[in-house]
Amino acid sequence: MTAEAPTAPALSYGRLIPVTVHFDDLDALGLLHNARYPLLVERAWTELWQEKGVRFEGDWAAAGDACNAVREFRIGYEAPVTRPGAYAVHLWLDRLGTTGLTYGFRFCSRDGAVTYARGSRVLVRLDAGTLRPAPWSEAFRAAGRELLRPDA
């Protein structure tokens with residue numbers, strides 16, 4: 001008889017993106033440094049949007065929806081990450097506006113069962129020439145709607 005792995009909780013919204021915490025991500029106390037959480041969340045979002053064809057390849061004028069800026073970032077820490085290894089970031093959208101969006105995230109165990117930190121970030125789509133708010137493309141909005149939290 002073989003032991004079965006525990007079943008991961010099913011996500012009713014958003015996506016779970018694998019991330020790796022390395023030894024050098026830990027601080028002097030052996031905890032994941034607080035500045036690494038936003039970096040790992042950003043890498044997860046970059047991976048997700050690249051899967052959907054949204055990427056920056058060095059030309060802001062051609063970047064389209066990848067030309068955006070952070071307006072606000074919030075994070076709360078719930079439990080310490082005390083070792084390197086495989087984790088995940090649960091990503092979703094709370095709001096998808098004409099020129100901005102708010103996404104939520106959880107930094108969690110690989111299976112999504114344990115939450116270490118959670119937060120949100122507000123992004124604004126920018127016109128590359130003026131750096132003023134610009135509307136998201138319809139393709140971006142369609143991809144974003146797939147990530148909306150049902151009760152958002």
Side-chain angles (χ1 to χ4, degrees), residues 2-60 62-97 99-126 128 131 133 136 139-141 143-152:
T2 60
E4 292 184 29
T7 304
L11 296 178
S12 61
Y13 60 91
R15 287 274 308 277
L16 199 60
I17 305 292
V19 296
T20 301
V21 170
H22 298 277
F23 176 77
D24 60 356
D25 292 322
L26 305 180
D27 65 16
L29 297 175
L31 306 175
L32 180 59
H33 192 282
N34 69 81
R36 296 296 190 176
Y37 289 86
L39 176 69
L40 291 164
V41 170
E42 178 70 18
R43 288 177 180 165
W45 267 116
T46 298
E47 181 178 326
L48 186 145
W49 285 117
Q50 284 182 346
E51 286 176 11
K52 297 181 178 296
V54 177
R55 59 181 45 91
F56 175 68
E57 295 177 337
D59 180 0
W60 284 115
D65 295 306
C67 185
N68 58 65
V70 176
R71 183 174 185 277
E72 178 181 307
F73 184 86
R74 293 176 167 215
I75 188 168
Y77 303 97
E78 298 186 12
V81 172
T82 60
R83 60 181 48 115
Y87 294 88
V89 178
H90 178 198
L91 303 168
W92 66 89
L93 292 182
D94 284 321
R95 184 186 67 79
L96 179 59
T99 62
L101 62 81
T102 303
Y103 73 69
F105 67 88
R106 287 185 314 120
F107 188 91
C108 52
S109 57
R110 182 76 175 209
D111 65 1
V114 177
T115 299
Y116 298 100
R118 70 177 69 236
S120 64
R121 188 165 96 162
V122 177
L123 291 179
V124 178
R125 164 71 162 88
L126 299 176
L131 298 182
W136 302 109
F140 182 90
R141 295 179 61 69
R145 283 190 286 273
E146 295 173 8
L147 297 168
L148 278 170
R149 190 180 64 190
D151 55 350

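We're numbering straight along the sequence, starting at 1. These numbers come from a predicted model, not from an experiment.
Ring geometry, Phe140 versus Trp49: the interplanar angle falls under 30°, so the pair is classed parallel (tilted spans 30 to 60°). Between Phe73 and Phe105, the two ring planes are parallel [angle under 30°; tilted spans 30° to 60°].
In this structure the side chain of Leu39 never reaches within 4.5 angstrom of the side chain of Asp25, judged on heavy atoms. Between Leu32 and Leu40, the closest side-chain pair of non-hydrogen atoms falls below 4.5 Å. When side chains are defined from C-beta on, Asn68 counts as touching Trp136, because their heavy atoms get closer than 4.5 Å. You'll find the side chain of Val19 reaches within 4.5 Å of the side chain of Phe107, heavy atoms only. Looking at heavy atoms from C-beta onward, Leu26 lies in side-chain contact with Pro84 at the 4.5 angstrom threshold. No side-chain heavy atom of Val89 sits under 4.5 Å from any side-chain heavy atom of Trp45.
In plain terms, the two heavy atoms of Ala88 and Ser109 that are nearest each other are CB-O, 3.6 Å. Taking all atoms of both residues into account, the shortest heavy-atom contact from Cys67 to Ala128 is SG-CA, 3.9 Å. Residues Gly112 and Cys108 share a closest heavy-atom pair of CA-SG, 3.8 Å. Looking at every heavy atom in both residues, Ala143 comes nearest to Lys52 through CB-CD, 3.6 Å. Across every non-hydrogen atom of Ala117 and Tyr77, the tightest pair is CB-CD2, 4.0 Å.
A distance of 13.0 Å separates CH2 in Trp92 from CG in Leu48, rounded to the nearest 0.5 Å. Here the CG-CG distance, from Leu123 to Asp65, works out to 11.0 Å after rounding to the nearest 0.5 Å. Taking CD of Glu51 as the reference point, atom CZ of Arg15 lies at 4.5 Å (rounded to 0.5 Å). In this structure, the separation between CG on Asp94 and OH on Tyr103 is 11.5 Å, given to the nearest 0.5 Å. If you take OH on Tyr13 and CG on Asp151, they are separated by 7.0 Å, rounding to the nearest 0.5 Å. Atom CZ of Arg141 is separated from atom CG of Leu101 by 9.5 Å, given to the nearest 0.5 angstrom.
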Checklist entry - Do Glu42 and Arg121 pass the salt bridge (Lys or Arg N to Asp or Glu O under 4.0 Å) test, and can you show the C-alpha distance, the side-chain angles, and the key distance before you say yes or no? => result CA-CA 10 Å; Glu42 178 70 18; Arg121 188 165 96 162; 2.6 Å; yes
Next on the checklist: Walk me through whether Thr102 and Leu93 qualify under side-chain contact (heavy atoms from CB on, under 4.5 Å).
Outcome noted: CA-CA 6 Å; Thr102 303; Leu93 292 182; over 6 Å; no
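For Arg125 (side chain) and Gly64 (main-chain N/O), a donor-acceptor pair under 3.5 Å exists by modelled atom type. Not one N or O on the side chain of His22 forms a donor-acceptor pair closer than 3.5 Å with the backbone of Asp24. No donor-acceptor pair closer than 3.5 Å links the side chain of His90 to the backbone N or O of Gly104.
Shown here is Arg71, whose CZ atom has no more than 12 heavy atoms of other residues, nucleotides or ligands within 6.0 Å.
With sequence neighbours left out, the salt bridge (Lys or Arg N to Asp or Glu O under 4.0 Å) criterion links Arg74 to Glu72. Partners of Arg106 by salt bridge (Lys or Arg N to Asp or Glu O under 4.0 Å), not counting sequence neighbours: none found.
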